[in-house]
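All chains are named by letter (A, B, ...) in the order of the sequence lines, taking the proteins before the strands, and each is independently numbered beginning at 1. Keep in mind that what you see is a predicted model, and the values were worked out from it rather than measured.
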Protein chains: 2
Amino acid sequence: MELDDRKVKILKAIIKNYLETGEPVGSRTISKYADLKLSSATIRNEMADLEEMGYIVQPHTSAGRIPTDKGYRFYVDDMMLQKENDLVNREQLVADREKELKSMRDFLSQKVDRVEELLQSVAKALAKDTNYATMVSAPQVRGNKLKFVQLSQLETNEILAVIVMEGNVIRNKVITVSEELSQENLLKLNILLNTSLTGLSLQEMNLSIVSKMEIQAGEHMQLVKEVVDAVVETISSEDNLKIYTSGATNIFKYPELSDSSKASELIYALEEKQSLTDFVKLEEDEEQPNSGIQVYIGNEAPVESMKDCSVVTATYELQDGMRGTIGIIGPKRMDYDKVVEKLKTIQTQLDDVFKKT
Amino acid sequence: MELDDRKVKILKAIIKNYLETGEPVGSRTISKYADLKLSSATIRNEMADLEEMGYIVQPHTSAGRIPTDKGYRFYVDDMMLQKENDLVNREQLVADREKELKSMRDFLSQKVDRVEELLQSVAKALAKDTNYATMVSAPQVRGNKLKFVQLSQLETNEILAVIVMEGNVIRNKVITVSEELSQENLLKLNILLNTSLTGLSLQEMNLSIVSKMEIQAGEHMQLVKEVVDAVVETISSEDNLKIYTSGATNIFKYPELSDSSKASELIYALEEKQSLTDFVKLEEDEEQPNSGIQVYIGNEAPVESMKDCSVVTATYELQDGMRGTIGIIGPKRMDYDKVVEKLKTIQTQLDDVFKKT
DNA sequence: TGTTAGCACTCCAATTTGACGAGTGCTAAC
DNA sequence: GTTAGCACTCGTCAAATTGGAGTGCTAACA
């Protein structure tokens, strides 16, 4: 059977209606749509076809139809294609977005110096704006270059290492050392570290460079080892992958998600954050097809507990290919159109903020 | 009417039973208790009295009784008194706790150098252990003394200030300055800042000291102003009050809290965190009566959305009166005894970890 | 051949009903 | 002061009832 023009129209009408109401939609409802003058009986026949083709199902025999994941997928793909091609639309959107951009910019520029807070506010604002749950991952440091290291003495056997990466990503690390260290030697060590490591990415801090440093350090070999280890560990540390979430309780606004066991699992995933890293990883591998926007419907998501949700993600770029991910988690019947637009706005905005920094 | 010995026994039996089952408890259930040989009819009479006195209520006419907030309050106060006085019990507990302390110590000592992670793990472990929701506030920096400041150049017009407080509380701040700065001047500024401000608490960085510094800075007066402002702002910044939460989804384990609107409000409070600061503030004012452990039952809590919960909080000390708060949020019928013990354990443990650092 | 009106049928959701049981309050007797 | 007994209340559960929304199918029509 073929998905002819009329079937497409009906399918879209069904999904659109379902997105709005959340109720199964019957043939009579669709037959009232102005632009296709068909009786409910005809619609019913078409619906039967669409069901056979797997785009819609009935929750039970005498109920209206609701979209399947395949149906949603068709709808979303079509929408994305529309956005890609429709140039007139695009210009309109740019104009529309300009307003948001402005207010957003004012809002963001106030807190540029604290990336953590910035991303948390983005998550929060987006959640409030969309009424869905949100996640924002901090940009991945991997592959980024070291700007400088600064060692200072805290106590006789404690050293504070301040590590600054390109893009002003800053990490602090307290290192407990086994031997005491004079001011003079600390200075030397500082110089040694900076001349040897500055401008290198994690990958480039390989064995030969490190062993060379250790030789230069002479009697403080052991200490250098400890510090370099700490630096490497700090930069590469898996849990650098911070994820900020917000609006978890928004899911209670959607009855199909608020039953206690589903809600519990979902909120757990958002609180625990571990599983959310899967989305970030997926984004990293991705070849950026739709300006970096991805839609996961139901089981397409890499997270088990989100099988009843849809997730829309976007990537933003810091610089040098450092990327972060923004995600919106909502019911399958989320307002994809609006969500995609919001994400595009934030994306542009974040790119902007970070490039300026 | 007076709360005589027998009434107390019956009341305690009712509450204890209700804590275990979560079901309204009837007169027959209590009459089976071995240590008070009374028929259900007698119990019924006593129950009627207890109800009149406001310790228990019936959810509906022909149901068993459940404790009121007043009832819980009596139960908890009695328990705390017991713990205070019962020395034998206490020794037993110390022995019991020793085991936990050991495993806990191993666990904590691994991540001492990252306070943030440490506190987050405490929240997590405690939530897993108790099956309630938990919160842990970072120790308040207010009143703490500055150890040193370190300025480094990031870009021509950007300076990184690393601010270290007593207790190795570290803050980073990127300051955008209006004038360019030579290496030499940066060094001078560093010295000026440290000689003037080191060892001072926020309260002591008053106007006279700052203006004195500004004079010394000569032509860089404007810059000093900016830096000092940044330092002060960073130290005093209200949002230094970080709160870590965990186990929010544990509330779904208790039917009386899992109805969607209650759960939503509760989880929102835990996610938003703003309202949780009220507990921290209350603790600060508190004169530490029961080794710093407080129990809030229902409306006693300063947070509206927790009117159906109980909250148990404890304070831990870092040093110099820097205090943080640990809280456990659960249903009114939580296992107060266990929770108080757990909190005491963690309290000791954290005191320990921080004092050692 | 495609479209439509009509009708019997299905099934859910909401409401009603009745039986059951847990628990109470009261009274009278011990 | 305590207890046994009894009538009464009320919530819970399951079964029965009803109404309505929506379907599939058939026959007639253009």
Side-chain angles (χ1 to χ4, degrees), chain A residues 1-11 13-18 20-68 71 255-256 258-259, chain B residues 1-11 13-15 17-18 20-68 71 255-256 259:
Chain A
M1 206 178 317
E2 214 203 334
L3 198 61
D4 59 30
D5 200 50
R6 195 170 74 176
K7 282 193 172 58
V8 169
K9 265 191 184 151
I10 292 173
L11 178 56
I14 292 170
I15 297 181
K16 202 166 174 184
N17 192 283
Y18 184 70
E20 284 161 16
T21 64
E23 298 281 303
V25 11
S27 54
R28 244 184 84 83
T29 315
I30 299 302
S31 77
K32 280 186 219 139
Y33 267 66
D35 57 342
L36 42 118
K37 296 185 176 175
L38 294 172
S39 78
S40 62
T42 313
I43 303 286
R44 275 203 290 285
N45 288 329
E46 295 287 45
M47 277 176 153
D49 290 351
L50 284 169
E51 176 153 21
E52 199 183 327
M53 294 160 83
Y55 290 105
I56 50 180
V57 281
Q58 303 177 270
H60 50 261
T61 333
S62 74
R65 306 307 213 280
I66 62 174
T68 60
E256 66 266 45
S258 21
D259 112 87
Chain B
M1 204 176 319
E2 214 202 333
L3 199 61
D4 60 30
D5 200 50
R6 196 170 72 175
K7 282 193 172 55
V8 169
K9 266 192 183 152
I10 293 173
L11 178 55
I14 293 171
I15 297 181
N17 193 285
Y18 184 70
E20 284 162 16
T21 64
E23 299 282 301
V25 11
S27 53
R28 242 184 85 82
T29 316
I30 299 303
S31 77
K32 278 185 219 141
Y33 266 66
D35 56 342
L36 43 120
K37 295 182 176 180
L38 294 171
S39 77
S40 62
T42 313
I43 304 285
R44 275 204 289 285
N45 288 328
E46 295 288 45
M47 277 176 153
D49 290 353
L50 285 170
E51 176 153 20
E52 199 184 328
M53 292 160 84
Y55 290 105
I56 50 180
V57 281
Q58 303 178 269
H60 49 262
T61 335
S62 73
R65 304 312 213 277
I66 62 173
T68 59
E256 66 266 47
D259 114 87

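- A donor N or O paired with an acceptor N or O is not found under 3.5 Å between the base of dG24(D) and the side-chain atoms of Arg65(A).
- One distance of note links CD1 of Ile10(A) with CD of Glu46(A); it measures 4.5 Å at 0.5 Å rounding.
- In this structure, CZ of Arg28(B) is placed 13 Å from P of dG5(D), rounded to the nearest angstrom.
- Regarding Asp49(B), its CG atom lies at a distance of 14 Å from the C1' atom of dT24(C), rounded to whole Å.
- Taking a pair to require two hydrogen-bonding distances under 3.5 Å in either a Watson-Crick or a G-U wobble arrangement, dG19(D) pairs with dC12(C).
- Atoms CD1 (Ile30(B)) and C1' (dT2(D)) sit 18 Å apart, rounded to a whole Å.
- Distance Asp4(A) CG to dG2(C) P: 11 Å, rounded to the nearest Å.
- The interatomic distance linking Leu38(B) (CG) with dG1(D) (P) rounds to 14 Å, in whole Å.
- Phosphate contact (OP1/OP2 of dT2(D), side-chain N/O of Arg6(B), threshold under 4.0 Å): present.
- Atom CD of Glu52(A) and atom C1' of dT23(D) are 16 Å apart (whole Å).
- Heavy atoms from other residues, nucleotides or ligands lying under 6.0 Å from NZ of Lys37(B) number 12 at most.
- Distances from the side chain of Arg44(B) to the nucleotides dT2(D), dA5(C), dC26(C) place dC26(C) closest.
- Across all strands, Ser27(A) comes closer than 4.0 Å only to sugar-phosphate atoms, never to a base (heavy-atom distances).
- When distances are taken from the side chain of Ala41(B) to each of dA5(C), dT3(D), dG24(D), the shortest belongs to dT3(D).
- Searching all strands for a Watson-Crick or G-U wobble partner of dT27(C) with both distances below 3.5 Å returns dA4(D).
- Here the side chain of Ser27(A) pairs no donor or acceptor atom with the backbone of Ile43(A) at under 3.5 angstrom.
- Checked against dT24(C), dT9(D), dT3(C), the side chain of Thr61(B) finds its nearest nucleotide in dT9(D).
- Atoms CD1 and CD, on Ile66(A) and Glu256(A) in that order, are 9.5 Å from each other to the nearest 0.5 Å.
- Here dG23(C) presents its P atom at 14 Å from CD1 of Ile43(B), a figure rounded to the nearest Å.
- Taking atom NZ of residue Lys7(B) and atom C1' of nucleotide dT2(D), one finds them 14 Å apart after rounding to whole Å.
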Quick one, Asp49(B) with Lys7(B), criterion salt bridge (Lys or Arg N to Asp or Glu O under 4.0 Å). Give me CA distance, side-chain angles, the key distance, then yes/no. CA-CA 9 Å; Asp49(B) 290 353; Lys7(B) 282 193 172 55; 3.3 Å; yes

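- Picking from dG11(D), dC12(C), dT24(C) the nucleotide with the shortest atom distance to the side chain of His60(A) gives dC12(C).
- Along DNA chain D, the nucleotide nearest Pro59(B) and the nucleotide nearest Val25(A) are compared for position; the residue whose nucleotide lies closer to the 5' end is Pro59(B).
- Closest to the side chain of Asn45(B), out of dT23(D), dT24(C), dT3(D), is dT3(D).
- Atom-to-atom distance recorded for Tyr55(B):OH and Ile14(B):CD1 is 12.5 Å, nearest 0.5 angstrom.
- In this structure, the nucleotide among dT9(D), dT24(C), dT23(D) sitting nearest to the side chain of Ser62(B) is dT9(D).
- Searching all strands for a Watson-Crick or G-U wobble partner of dC29(D) with both distances below 3.5 Å returns dG2(C).
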